[in-house]
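Here the structure comes first, spelled out in structure tokens, and everything after it is commentary.
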Amino acid sequence: MRKVNVAIMGLGTVGGGTYDILTENHEHIKRTQGVDVRVRRVLDRDRERVLGKGVPAEAFCESIDDIAADKEIDIVIETMGGVEPAKTFIIKALESGKSVVTANKELISKCWYELEPVAKAHGAGLYFEASCVGGVPVIRTLTESMQANRVCELYGIINGTTNYILTKMTEDGISYENALREAQQLGYAEFNPSADVDGYDAMYKLSILSSLAFHTSIPYESVYREGISRITAEDIKSAKELGYVIKLLAIGRRDGNRVEARVHPTFVPQDHPLAGVRGSFNAVLLTGDYVDDIMLYGRGAGARPTGSAIVSDVIFCAKRKTHDYTDFGISNKADAGIELATDFSSKYYISLTACDRAGVLASVAKILGDYGVSIGTILQKGSVGEHASIEFLTHTASEKAVTEALSKIEKLAPVRSIDSFIRCL
Ligand code: NDP
Ligand code: HSE
């Protein structure tokens, strides 16, 4: 029986879930996987919190040096979050020959190119399944199950907090603020919720997933990012009326050497498989040139699902004599020859407020037409005093053309405001 000693750094939501699985399912894992995983050390700022989880007092430590110096420890689990000191601690663990399992998407997306060479130089493994899409095994699917394919598309709902908020706003009509508070109480939200609601978390994850999917570095800075904080109850209502549901989508596409990577709120048709992904559930739709579509679905956040991904990495790592590293030169820059797209094609939902009088609609439609943007649907809603709300769904158009047209439309005297501009799937 292979015996494996682990250290957990950070016993919060995810570290706590990981500890529970490793203790409660210890015998099950031993019997089914042939690996006897023991938690030998737990590092955290708060000793009482650690002891309160049932961790023996002698296992508690406050310094990475205690972990790095302990020759009995094989694998270090990092669930503290943030870049520093997590990065320094991980490097120390790797330099002492210990493999690392982490849930830290911010750190991996920002510093993968620095961490992987250290792991490689010391023959250690660096595993981060839990960093993307919680309990859903998307990284293992990309690296261990889709090798036969060129992956050409990835569409995902990859942030649990924002999906929870949008679902609650859509289905229960609760406010954005209350839904966010609930997501925080349930342990889904990042320490700074802006990471979730402004799309940073999904951007980090998409950078990791699209790099693995397309076998080329896609730096997080090159991912287009827009969060959900501007989505209003009115947008959600309009989406419903038009047969859509609003989701924060992560989209990665590779066509030859052209790569698109973007995160933004999206009108998703109600009959699309991603439309039914509710609450803290996440899903990723991958398209490979031979396998066609694969859809992975499950909980994208929370102690137990994310702990499940961590423990899966621990077992995967423990069973290997050697470790794999990326087959492309991981770097903080896009590979030479890769064109990172800055203009996209999409359909758009546009809503504006304008004077309710003859000729206004025609002048707006003319500008869209001048930029080659063709209109699919127009709705005009009841006048507010002298003003009316006009909503458009366009046919597929270049984003550059649509934004240029909108900046002209905004200047028309009868137009009071452009209220919404949301891409449609
Ligand atoms: P928590 O804040 O719940 O847990 C982090 C723990 O680490 C806390 O106990 C914290 O202590 C401790 N800690 C942080 N910094 C240090 C330090 N320098 N020294 C010692 N202890 C430290 O965060 P989560 O569990 O939610 O997230 C952890 C990681 O997992 C993050 O990278 C996150 O992005 C990722 N993740 C989270 C998911 C989730 O659903 N929550 C899902 C997938 C990934 P203190 O509270 O005192 O700061
Ligand atoms: N805050 C993240 C989310 C945690 O809501 O998806 C999981 O990565």
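Remember, it's 1-based here, ligands and their atoms both numbered in the order they're listed.
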By side-chain hydrogen bond (donor to acceptor under 3.5 Å, both in side chains) - contacts of Tyr127 (at least two apart): His323
Residues Thr232, Asp235; criterion side-chain hydrogen bond (donor to acceptor under 3.5 Å, both in side chains); working and verdict: CA-CA 5 Å; Thr232 62; Asp235 292 329; 3.2 Å; yes
Can we say [X] and [Y] salt-bridge, meaning some charged N sits less than 4.0 Å from an Asp/Glu carboxylate O?
X      : Y      : answer
Asp74  : Lys3   : no
Lys400 : Glu404 : yes
Arg140 : Asp313 : yes

Which residue holds the protein heavy atom closest to [atom], what is that atom called, and what is the gap in Å?
atom                   : value
atom 6 (O) of ligand 2 : Gly160 N, 2.7 Å
atom 7 (C) of ligand 2 : Gly300 O, 3.2 Å
atom 5 (O) of ligand 2 : Thr161 OG1, 2.6 Å

What atoms in ligand 2 come closer than 4.0 Å to a heavy atom of [X]?
X      : result
Asn159 : 2 (C), 3 (C), 5 (O), 6 (O)
Tyr188 : 1 (N), 2 (C), 3 (C), 4 (C), 5 (O)
Asp196 : 1 (N), 2 (C), 3 (C), 5 (O)
Lys205 : 2 (C), 3 (C), 6 (O), 7 (C), 8 (O)

Worked verdict on Glu399 versus Arg262 for salt bridge (Lys or Arg N to Asp or Glu O under 4.0 Å): CA-CA 13 Å; Glu399 184 143 330; Arg262 49 191 167 113; 5.4 Å; no
Mutual orientation of the aromatic rings belonging to Phe281 and Tyr297 [parallel < 30°, tilted 30-60°, perpendicular > 60°]: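 Aromatic pair Phe281/Tyr297 classed parallel.
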From the candidates Gln184, Glu190, Glu106, Lys105, the one that places a heavy atom nearest atom 8 (O) of ligand 2: Lys105
Residues, nucleotides or ligands: over 12 heavy atoms within 6.0 Å of Arg2 CZ: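 Yes, because the 6.0 Å sphere around CZ of Arg2 holds more than 12 heavy atoms from other groups.
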Region of Thr162 that comes within reach of ligand 2 [heavy atoms, distance under 4.0 Å]: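 For Thr162, there is no contact with ligand 2 at all, from either part.
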Donor-acceptor side-chain pairing of Tyr113 and Ser217 below 3.5 angstrom: no
Glu116 and Thr326 side chains, donor-acceptor separation under 3.5 Å: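 Yes, side-chain donor-acceptor contact under 3.5 Å.
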Neighbouring residues of ligand 1, heavy-atom cut-off under 4.0 Å: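 Ligand 1 is contacted, at a heavy-atom distance under 4.0 Å, by Gly10, Leu11, Gly12, Thr13, Val14, Leu43, Asp44, Arg45, Arg49, Thr79, Met80, Gly81, Pro85, Ala103, Asn104, Lys105, Ala130, Gly187, Glu190, Ala301, Gly302, Thr306.
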